[in-house]
Protein chains: 2
Amino acid sequence: MNDGGAVREVLDRISDKWSLLVIGALRNGPLRFGELEKGITGISQRMLTLTLKHLVEDGLVSRTAYPEVPPRVEYEVTDLGKTLVPLVIALAEWAIAHRDEINANRGGHH
Amino acid sequence: MNDGGAVREVLDRISDKWSLLVIGALRNGPLRFGELEKGITGISQRMLTLTLKHLVEDGLVSRTAYPEVPPRVEYEVTDLGKTLVPLVIALAEWAIAHRDEINANRGGHH
DNA sequence: CAGCATCCGGGGCGATACTG
DNA sequence: CAGTATCGCCCCGGATGCTG
């Protein structure tokens with residue numbers, strides 16, 4: 001498990017501000033760019049664009065553009081991405097379950 | 001699951017550059033400051049200090065200072081932190097298992 | 001609709017030096 | 001040994017405006 005950086009290397013890719021949220025948002029099937037933007041609270045257009053690009057590069061998400069007018073683009077987790085989805089869901093559930101407790105520990109400051 | 005930011009809020013605390021690595025390093029019991037520093041590849045003394053401080057504030061890790069000379073300080077995951085450990089381990093194993101695949105997708109650039 | 005380009009401010013993070 | 005203090009760079013990420 002102490003691998004000299006392999007875990008860090010991968011974690012760097014998915015533990016940025018939005019990647020896990022995007023993966024989680026795609027857990028139930030493909031979504032369009034605009035749907036993701038609405039579904040993920042607080043994300044800016046720029047960060048959604050960049051995050052999706054990185055996830056596509058890493059092979060965690062696929063991008064499908066339909067040649068229509070107006071344009072339609074759908075994003076979906078790949079087979080590789082699907083192996084990560086359960087972990088993301090578990091993390092999200094953990095976050096929700098323990099949110100109040102963590103906030104109480106902080107005493108509200110920060 | 002779309003909670004309007006609760007998941008983001010908690011994720012912000014633990015998805016920084018080092019928190020998950022520190023939690024993972026403590027999975028088998030308490031460790032001293034120096035042991036953590038040696039065990040976590042690439043972390044600087046400053047970031048280990050700051051990360052531990054945040055984890056202690058959030059109630060995920062406990063700090064115990066023994067009144068000895070030379071000083072000895074041990075860090076350990078709390079009961080709350082222990083609920084997170086399995087998820088961290090799962091993430092680490094996922095990272096190791098799919099590291100090569102992700103790197104291959106990137107084609108080595110970046 | 002789904003983006004790219006540009007500007008830019010704050011802070012995450014590393015390097016280094018010092019201390020109880 | 002286990003930190004603190006200080007400096008400064010980089011770059012993440014938000015705001016705004018423009019395009020196919």
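Residue numbering restarts at 1 for every chain, and letters A, B, ... go by the order of the sequence lines. Because the structure is a prediction, the values reported are computed rather than measured. Every heavy atom of this structure was used, including side-chain atoms; hydrogens, water molecules and symmetry mates were not.
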Whole-Å gap separating [atom2] ([N]) and [atom1] ([X]):
X: B/Ile40; N: C/dG14; atom1: CD1; atom2: C1'; answer: 16 Å
X: B/Arg72; N: D/dA2; atom1: CZ; atom2: P; answer: 9 Å
X: B/Ile14; N: C/dG12; atom1: CD1; atom2: C1'; answer: 18 Å
X: B/Trp18; N: C/dG14; atom1: CH2; atom2: P; answer: 6 Å
X: A/Glu74; N: C/dC1; atom1: CD; atom2: P; answer: 15 Å
X: A/Leu50; N: D/dG14; atom1: CG; atom2: P; answer: 10 Å
X: B/Leu52; N: D/dT4; atom1: CG; atom2: P; answer: 10 Å
X: A/His54; N: D/dC11; atom1: NE2; atom2: C1'; answer: 12 Å

Can you tell me if [X] uses its side chain to pair, donor with acceptor, with the backbone of [Y] under 3.5 Å?
X: A/Thr78; Y: A/Ser62; result: no
X: B/Thr49; Y: B/Gln45; result: yes
X: A/Arg27; Y: A/Gly24; result: yes
X: A/Ser15; Y: A/Asp12; result: no
X: A/Asn105; Y: A/Glu101; result: yes
X: B/Thr51; Y: B/Ser19; result: no
X: B/Arg99; Y: B/Ile96; result: no

**Study point:** Under 4.0 angstrom between A/Arg32 side-chain N/O and C/dC1 OP1 or OP2
**Key:**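 A/Arg32 to C/dC1 OP1/OP2: no side-chain N or O under 4.0 Å.
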
Check your understanding: Can you find a side chain N or O atom of B/Lys17 that sits less than 4.0 Å from OP1 or OP2 on C/dG14?
Key ->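 Yes, because at least one side-chain N or O of B/Lys17 sits under 4.0 Å from OP1 or OP2 of C/dG14.
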
With respect to the side chain of [X], which nucleotide from [options] is positioned closest?
X: A/Val73; options: D/dA2, C/dG3, C/dG14; result: C/dG3
X: B/Pro71; options: C/dG14, C/dG3, C/dG20; result: C/dG20
X: B/Ser44; options: D/dG3, C/dA2, C/dG14; result: C/dG14
X: A/Met47; options: D/dG14, D/dA2, C/dA2; result: D/dG14

Exercise for review: Return the 5'-most residue of the pair A/Arg46, A/Pro70 with respect to DNA chain C, ranking by each residue's nearest nucleotide.
Suggested key: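 The 5'-side residue here is A/Pro70.
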
Check your understanding: DNA chain D: A/Gln45 or A/Gly42, which has the more 5' nearest nucleotide?
Key ->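 Final value for this comparison: A/Gly42.
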
Review point. Relative to the 5' end of DNA chain D, which residue comes earlier, B/Gly34 or A/Asp16, by the nucleotide with the nearest heavy atom?
Key: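 The residue closer to the strand's 5' end, by nearest nucleotide, is B/Gly34.
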
Practice item. Mind grabbing the angle between the end helix axes of the helix from C/dC1-D/dG20 to C/dG20-D/dC1? Five pairs an end, 10° rounding. Key: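 Comparing the axis at each end, I get an angle of 50°.
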
For [X], answer base if it contacts any base atom (sugar-phosphate contacts may also be present), sugar-phosphate if it contacts only those atoms, and nothing otherwise; contact means non-hydrogen atoms under 4.0 Å.
X: A/Glu37; value: nothing
X: A/Tyr66; value: nothing
X: A/Thr49; value: sugar-phosphate

Point to revise | Distance-minimising heavy-atom pair for A/Leu48 and A/Glu37 | key: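 Taking A/Leu48 first and A/Glu37 second, the nearest heavy atoms are CD2-N, 3.6 Å.
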
